[in-house]
Number of protein chains: 2
Amino acid sequence: MRVATYNVNSIRLRLDSVLAWMARHKPDIVCVQETKVQDADFPEAPIRQAGYHVAFRGQKAYNGVAILSTTPPEDVRTGLDDGGPADETRLIRARFGEVTVVNTYVPQGREVDHEMFQYKLQWLRRLREYMDRHFSTRDPVIWAGDLNVAIQPMDVYNPEDRARHVCYHADARSALQYCLDWGFKDVFRAFHPEAGHYTFFDYRTADAMDRGWGWRIDYILASPPLTARARDAFIDVEPRRLPKASDHTYLVADFQ
Amino acid sequence: MRVATYNVNSIRLRLDSVLAWMARHKPDIVCVQETKVQDADFPEAPIRQAGYHVAFRGQKAYNGVAILSTTPPEDVRTGLDDGGPADETRLIRARFGEVTVVNTYVPQGREVDHEMFQYKLQWLRRLREYMDRHFSTRDPVIWAGDLNVAIQPMDVYNPEDRARHVCYHADARSALQYCLDWGFKDVFRAFHPEAGHYTFFDYRTADAMDRGWGWRIDYILASPPLTARARDAFIDVEPRRLPKASDHTYLVADFQ
DNA sequence: GGGAGGGCAG
DNA sequence: CTGCCCTCCC
């Protein structure tokens, strides 16, 4: 089973390149974030014509998540279900046979001093509780998406300078760690222990890719039964070099 | 001497196609309207690299006129100079040896009931006075541009239905006629007396070109000495079919 | 329908 | 820098 995650930064603008990438890499499941389209306008038909099922939840302009899959998704649910803001356009989950896939677009947080940073920390705490509430660590669960946090210093290009960045601040990292402590393992890191692997290169930093100024903030995380089945993982950086590319690129994990 | 006029609807967006068209058709002078760019951002360098001189006057978002030429423009002036609103981004004039070229983007008028329609009529009256003030009918003068008026019924696709259109209303046509009465002749019409020739196809009418639902509102007009030297004229409709085309297309006139 | 701008967000 | 939206204008 091949699983991929991609922050597409507009599914409408990049649909053709997504379908081309999928035709080439043949993933069974693709978690997509920042579709930036309300459900009425989601390009469902071309995705189905390409042979994929798709579940999605979006809004105008911001956020939006989708799961594309070769087999039909079961038990699709969106949003955090704890009575707080559901953020349905940031979390979508589906089951494929035994395996449950949770796809999230974690709030970025804007600035460390902004109220959205506290919202981000709270969101990650709520997500840990979501996992506690819905799953046991004996369940085969994949949590994938744009988590907007670099786990370790090696997941940022200049960690010394990033202490006050919302995606590297100690509070953000410990909030993410609290989620990982539920029982998730970072599949990519298990196969690639070395530094310098990134999934995101900011549009605003000139020549970010050539300079290697990236961030690893997109992940495929596996619960224990699936960690045991993980066979390989890689980041495909080529799509980031295409004209009109998303600022993120694809992360892929293969499971037995 | 080959003269062309083209409402480009953004010179920045269509610069490459304009330069390609010029390389192919080798005009000596091109009058451009709706450049939609302030002077600081006008793409002067690539035009000069293509071997053309250029005089321009524009603003952000709307209007904007330019004259491109193989020989350097002399005595460049912009705007109506009668003390009323000069509208410098709607009129530019230059001299090339003996020949003076006046390039205008006449106000469209919005709606017959809108104050801009009265402004349009007034603008055409002021333009006639401009010609009276600056030129004699013995001068070789070319007046070209987007005049936003169809001269005759045959210059609109469905004249019966257009009586209240700002580009065909009787008041607009007589205001334009007043300018023509200064002594200008419609060079294209002299060579093509038949109906069905248009320079503008509205983006909002679906398949306008295939249906032949156009307007002839762009003109190259000549004072008597130049009327005598006119040898041919044509509308090149192909650029209107290109992807991302302007809603207008090129009109060309050849003079001995 | 399709330019442009300004604002929001990352 | 690059998405989206909304408003303006034709």
Side-chain angles (χ1 to χ4, degrees), chain A residues 7-15 17 33-38 41 58-64 89-90 105-111 114-117 119-120 146-149 165-167 199-209 213 215 217-218 240 242-248, chain B residues 7-15 17 32-38 41-42 58-64 89-90 105-111 114-117 119-120 146-149 165-167 199-209 213 215 217-218 240 242-248:
Chain A
N7 179 317
V8 70
N9 190 14
S10 170
I11 186 73
R12 284 178 292 181
L13 200 67
R14 262 174 281 279
L15 182 64
S17 86
Q33 306 85 37
E34 285 207 84
T35 55
K36 292 189 173 178
V37 63
Q38 59 194 355
D41 299 330
Q59 66 184 85
K60 276 190 182 179
Y62 309 118
N63 309 331
T89 61
R90 289 188 180 273
Y105 174 49
V106 174
Q108 188 255 12
R110 310 222 186 149
E111 303 279 327
H114 197 284
E115 61 176 33
M116 279 303 284
F117 187 61
Y119 185 76
K120 172 185 194 167
D146 177 356
L147 309 193
N148 266 318
V149 181
H165 194 292
V166 289
C167 297
T199 61
F200 166 73
F201 298 88
D202 199 311
Y203 288 131
R204 286 165 290 186
T205 57
D207 306 310
M209 274 202 79
W213 288 8
W215 294 72
I217 56 178
D218 302 273
R240 182 62 183 86
L242 292 175
K244 303 244 108 204
S246 168
D247 44 358
H248 293 247
Chain B
N7 178 318
V8 71
N9 190 17
S10 169
I11 185 75
R12 283 177 293 182
L13 201 66
R14 262 174 282 279
L15 181 63
S17 87
V32 176
Q33 306 85 36
E34 285 207 84
T35 55
K36 292 189 174 179
V37 62
Q38 60 192 352
D41 299 330
F42 189 93
Q59 66 183 83
K60 276 190 181 180
Y62 310 117
N63 308 331
T89 61
R90 289 187 179 274
Y105 174 50
V106 174
Q108 188 254 13
R110 308 217 188 156
E111 303 279 328
H114 197 283
E115 60 176 344
M116 279 304 286
F117 186 62
Y119 184 76
K120 172 184 194 167
D146 177 356
L147 309 193
N148 266 318
V149 181
H165 194 290
V166 289
C167 298
T199 61
F200 166 74
F201 298 87
D202 199 309
Y203 287 130
R204 288 165 290 187
T205 57
D207 307 310
M209 275 202 79
W213 288 8
W215 294 72
I217 56 179
D218 302 273
R240 182 62 182 84
L242 292 176
K244 302 243 110 204
S246 167
D247 43 358
H248 293 248

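In what follows, chains are A, B, ... by sequence order, proteins preceding strands, each numbered from 1. These numbers come from a predicted model, not from an experiment.
Between B:Y105 and the choices B:N7, B:T35, B:T89, the side-chain contact (heavy atoms from CB on, under 4.5 Å) rule is met once, by B:N7.
No side-chain donor-acceptor contact under 3.5 Å links B:N9 and B:E34.
Nearer the 5' end of DNA chain D, as judged by each residue's closest nucleotide, is the contact made by A:T205, out of A:T205 and A:S10. Checking B:N7 against A:R14, the closest nucleotide of DNA chain D that is more toward the 5' end is the one next to A:R14.
A search for side chain to side chain donor-acceptor pair (under 3.5 Å) contacts involving A:D247 returns nothing, not counting sequence neighbours. Every residue two or more places apart in sequence or in another chain that forms a side-chain contact (heavy atoms from CB on, under 4.5 Å) with A:R110 is listed here: A:Q108, A:H114, A:M116. Not counting sequence neighbours, the partners of A:Y62 by the side-chain contact (heavy atoms from CB on, under 4.5 Å) test are A:Q59. Legend: residues meeting side-chain contact (heavy atoms from CB on, under 4.5 Å) with A:S17, ordered by chain and number and at least two apart, are A:R14. Remark: B:L13 pairs with B:S10 by the side-chain contact (heavy atoms from CB on, under 4.5 Å) rule, at least two apart or across chains. Every residue two or more places apart in sequence or in another chain was checked for a salt bridge (Lys or Arg N to Asp or Glu O under 4.0 Å) with A:D41, and none qualifies. B:T199 is linked by a side chain to side chain donor-acceptor pair (under 3.5 Å) to B:D218, counting only residues two or more places apart in sequence or in another chain.
In the 5' to 3' direction, nucleotides of DNA chain D lying under 4.0 Å from heavy atoms of chain A begin and end at D:dC1 to D:dC6.
In this structure the side chain of B:K36 never reaches within 4.5 angstrom of the side chain of B:I11, judged on heavy atoms.
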Fill in the blank from the handout: Counting primed atoms, P, OP1 and OP2 as sugar-phosphate and everything else as base, the B/S/- map of nucleotides 5-10 of chain C against protein heavy atoms under 4.0 Å is SS-BSB

Fill in the blank from the handout: Each base of DNA chain D marked ( ) or [ ] if paired in-strand (Watson-Crick or G-U under 3.5 Å), | if paired to another strand and . if unpaired gives ||||||||||

